[in-house]
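On a predicted model such as this, the values are computed, not experimentally measured, just so you know. Both counts, for ligands and for their atoms, begin at 1 and track the order of listing. Sequence positions, counted from 1, serve as the residue numbers for this chain.
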Amino acid sequence: MSKYIQGATGEWEVVIGLEIHAQVLSEAKLFSGSSTKFGAEPNTQVSFVCSAMPGMLPVINEECIRQAIRTGLAMGCEINLRSVFDRKNYFYADLPQGYQISQFKDPIVGEGVMEVTLEDGTTKVIGIERLHLEQDAGKSMHDQHPSQTYVDLNRCGVALMEIVSKPDMRSAEEAGAYFRKIRTLVRYAGTCDGNMDQGSMRADVNVSVRRPGAELGTRSETKNVNSIRFMMQVIDFETRRQIDLLEDGGEVAQETRQFDPSTGTTSSLRSKEEAHDYRYFPDPDLLPLEFSQDYVDELAKNMPELPDAKKARFVKDLGISDYNAAVLVAEKENADYFEGLLVDLSGKTGQDKAKIATQAANWVIVDLFGALKKVAKPITDSPVSIQHGAELLALQVDGTISGRIAKDVFEIMLETGDNPEKIVEDKGLKQVSDTGAIEVMIDEVLAANQDKVEQYRGGKDKLFGFFVGQVMKKTQGKANPQVVNQLLRPKLDG
Ligand code: ADP
Ligand code: MG
């Protein structure tokens with residue numbers, strides 16, 4: 001498939017760069033001790049610093065620095081041992097300081113590259129320009145009073161990491177994969193909760209189009225897009241709009257736009273400000289930020305296992321397929337559930353993890369994820385605990401129940417929350433492996449189907465499956481199919 005888009009006058013290429021704002025996971029704000037907890041009553045988490053009372057001075061919160069460095073490490077970026085906080089001056093009704101403390105020329109994290117995997121299995125490398133720390137603003141509330149606007153300063157001064165990509169993405173799919181990967185990384189590192197519906201992560205989406213191989217075109221920047229689906233809609237809409245504009249002989253304006261989720265369209269907000277409009281200058285209240293390489297090394301040493309490494313380990317040590325491993329590591333909670341399950345299952349069955357990992361992975365991905373999707377619950381709220389899941393699989397591994405019966409038991413577990421051993425016991429679902437009992441049933445089936453036995457012996461091999469099916473039916477699916485096969489063959493051939 002061509003990566004170019006066919007227009008009326010020839011091919012076009014879309015170019016995308018993302019600025020992702022991720023709220024730092026930290027109890028307190030970037031320069032004050034006020035709480036960052038979500039959902040509090042308006043203006044209950046506002047210190048004199050957050051509300052910019054005269055004479056108040058910002059004091060850096062070391063936890064936010066640590067988290068920014070750890071995020072940079074998770075993304076494989078360069079860490080700058082010296083960075084500078086600047087004032088970005090602009091008027092905003094919900095920003096009492098009259099400026100935002102941000103980082104301009106010298107950010108805390110520098111360049112890096114990140115590899116993302118696309119749906120067709122191919123990979124794509126996307127450059128990261130920088131990550132800098134900055135303050136969030138408050139929130140204007142226009143819907144509380146018919147003629148007045150209220151302001152909630154709880155978010156004012158909360159630490160944000162702005163992660164800026166290079167203009168390296170060439171489709172909505174690539175942008176989606178990149179965003180998802182960053183979200184996965186910050187959640188693994190525990191540096192941002194990634195809750196997009198609470199505004200913890202949002203993106204400014206820069207889009208331009210050009211003729212293949214030409215210079216970069218003029219971009220539009222759509223602000224504050226708060227879901228991956230919306231981001232992909234923005235890219236598709238902007239691509240179409242810009243191509244149509246250019247093909248009609250018009251020009252793309254460099255401007256800031258906003259997205260309307262109800263129509264799936266973007267509209268102009270204002271023409272683009274340039275950096276000099278903000279009169280950036282180093283904040284005289286804050287010293288340049290300096291730390292040692294030892295400090296960074298110590299943080300690096302204590303990073304948790306990240307998704308790429310986890311995926312490689314699942315494939316290499318556990319023999320899980322590439323695809324299944326990718327699915328399992330995409331969310332840390334899923335990987336944790338799977339690993340917990342495997343430990344339990346291995347303990348219960350005495351089997352080596354690598355021998356049972358594929359079966360466990362298939363059960364988690366197909367059965368459990370399917371069930372969770374139906375009840376719209378996250379895995380952390382799974383109606384089937386790790387322990388019960390492991391019990392169910394152990395019953396299969398040791399041959400107590402067949403795969404067929406396991407599906408029924410699972411359905412009952414979802415409904416009742418009972419443990420599988422109890423369900424199997426209560427409902428008498430144990431697999432019949434007793435050769436004597438199965439032999440009796442085989443004899444009955446053969447006696448009742450003499451005509452088919454003749455046909456089979458006359459060369460109609462395919463009838464073998466029919467006989468297996470009849471025996472299974474007689475046992476309501478409880479006969480061990482392997483035992484049935486072993487006993488049936490000699491009797492038929494007999
Ligand atoms: P700002 O928006 O703050 O003025 P930058 O120049 O840092 O900032 O660019 C912001 C984002 O825009 C980056 O992610 C960059 O990759 C992207 N970008 C820059 N030029 C283009 C372009 N021509 N088309 C698409 N994206 C672009
Ligand atoms: Mg920008």
Side-chain angles (χ1 to χ4, degrees), residues 3-5 12-22 72 75 77 80 83 86-90 92 99-114 116 124-137 160-179 181-182 201-225 231-232 234-243 245-246 251-259 266 268-280:
K3 60 184 173 122
Y4 300 129
I5 298 149
W12 295 90
E13 184 177 37
V14 59
V15 174
I16 304 145
L18 294 180
E19 296 158 89
I20 297 177
H21 295 264
M75 298 189 307
C77 290
N80 294 326
S83 62
D86 296 285
R87 287 188 183 181
K88 181 182 185 182
N89 298 278
Y90 60 96
Y92 239 39
Y99 57 84
Q100 176 191 32
I101 305 179
S102 180
Q103 297 188 304
F104 183 48
K105 285 209 190 86
D106 300 294
I108 184 166
V109 174
E111 293 188 327
V113 286
M114 201 157 71
V116 299
K124 159 102 193 192
V125 173
I126 292 157
I128 292 171
E129 180 73 39
R130 60 193 274 155
L131 174 157
H132 64 255
L133 276 168
E134 63 183 29
Q135 302 173 297
D136 203 352
L160 300 178
M161 299 180 278
E162 178 169 334
I163 302 161
V164 183
S165 83
K166 305 219 168 176
D168 284 352
M169 287 156 273
R170 296 289 176 271
S171 67
E173 192 204 346
E174 286 180 16
Y178 168 81
F179 193 110
K181 176 114 187 209
I182 297 228
M201 258 184 116
R202 48 193 199 261
D204 296 344
V205 186
N206 297 270
V207 179
S208 65
V209 297
R210 65 176 174 187
R211 293 294 187 187
E215 300 274 293
L216 284 181
T218 304
R219 72 184 147 120
S220 67
E221 176 177 2
T222 305
K223 286 278 191 194
N224 282 325
V225 181
M231 182 181 76
M232 294 169 82
V234 165
I235 293 167
D236 289 338
F237 179 81
E238 275 300 298
T239 305
R240 206 59 262 167
R241 184 184 72 84
Q242 294 182 19
I243 290 176
L245 202 59
L246 293 170
E251 266 181 45
V252 176
Q254 173 140 344
E255 62 184 357
T256 302
R257 299 179 71 87
Q258 63 186 347
F259 178 66
T266 68
S268 184
L269 202 58
R270 53 178 186 265
S271 70
K272 172 85 185 157
E273 314 79 359
E274 298 296 334
H276 61 251
D277 296 328
Y278 290 117
R279 290 190 302 111
Y280 276 103

Quick one: which of R219, E238, M169 gives a side chain to side chain contact (heavy atoms under 4.5 Å, CB included) with V207?
E238
Which of parallel (below 30°), tilted (30 to 60°) and perpendicular (above 60°) describes F104 and Y280?
parallel
Hey, which of S271, S268, S220 is the one that makes side chain to side chain donor-acceptor pair (under 3.5 Å) with E255?
S268
Any nitrogen or oxygen of T218, main chain or side chain, under 3.5 Å from a nitrogen or oxygen of ligand 1?
no
Would you confirm whether R130, through its side chain, and P107, through its main-chain N or O, come within 3.5 Å as a donor-acceptor pair?
no
Shortest heavy-atom approach to atom 23 (N) of ligand 1 - which of G217, P167, S220:
G217
Ligand 1 atoms nearer than 4.0 angstrom to some heavy atom of S165 are 13 (C), 14 (O), 15 (C), 16 (O)
Numbered atoms of ligand 1 (with element) below 4.0 Å of G17, judged on heavy atoms
14 (O), 16 (O), 17 (C), 26 (N)
List every atom of ligand 1 that sits less than 4.0 Å from any heavy atom of V164, numbering the atoms from 1 in the order shown and giving each element.
13 (C), 14 (O)
Atoms of ligand 1 close to E221 [distance to a heavy atom under 4.0 angstrom, numbered from 1]
2 (O)
Counting each atom of ligand 1 from 1 as listed, which ones have a heavy atom of L18 under 4.0 Å away?
14 (O)
Under a 3.5 Å distance rule, please check whether Q135 uses its side chain to pair with a backbone N or O of I101 as donor and acceptor.
yes
Within 45° cone and under 6.0 Å: R211 NZ/CZ vs W12 ring
yes
Under 3.5 Å, is there a donor-acceptor pair between the side chain of N206 and the main chain of L18?
no
Heavy-atom proximity to atom 19 (C) of ligand 1, best of M169, K166, R219, E215:
R219
Only heavy atoms of L216, strictly under 4.0 Å: list the atoms of ligand 1 that pass.
23 (N)
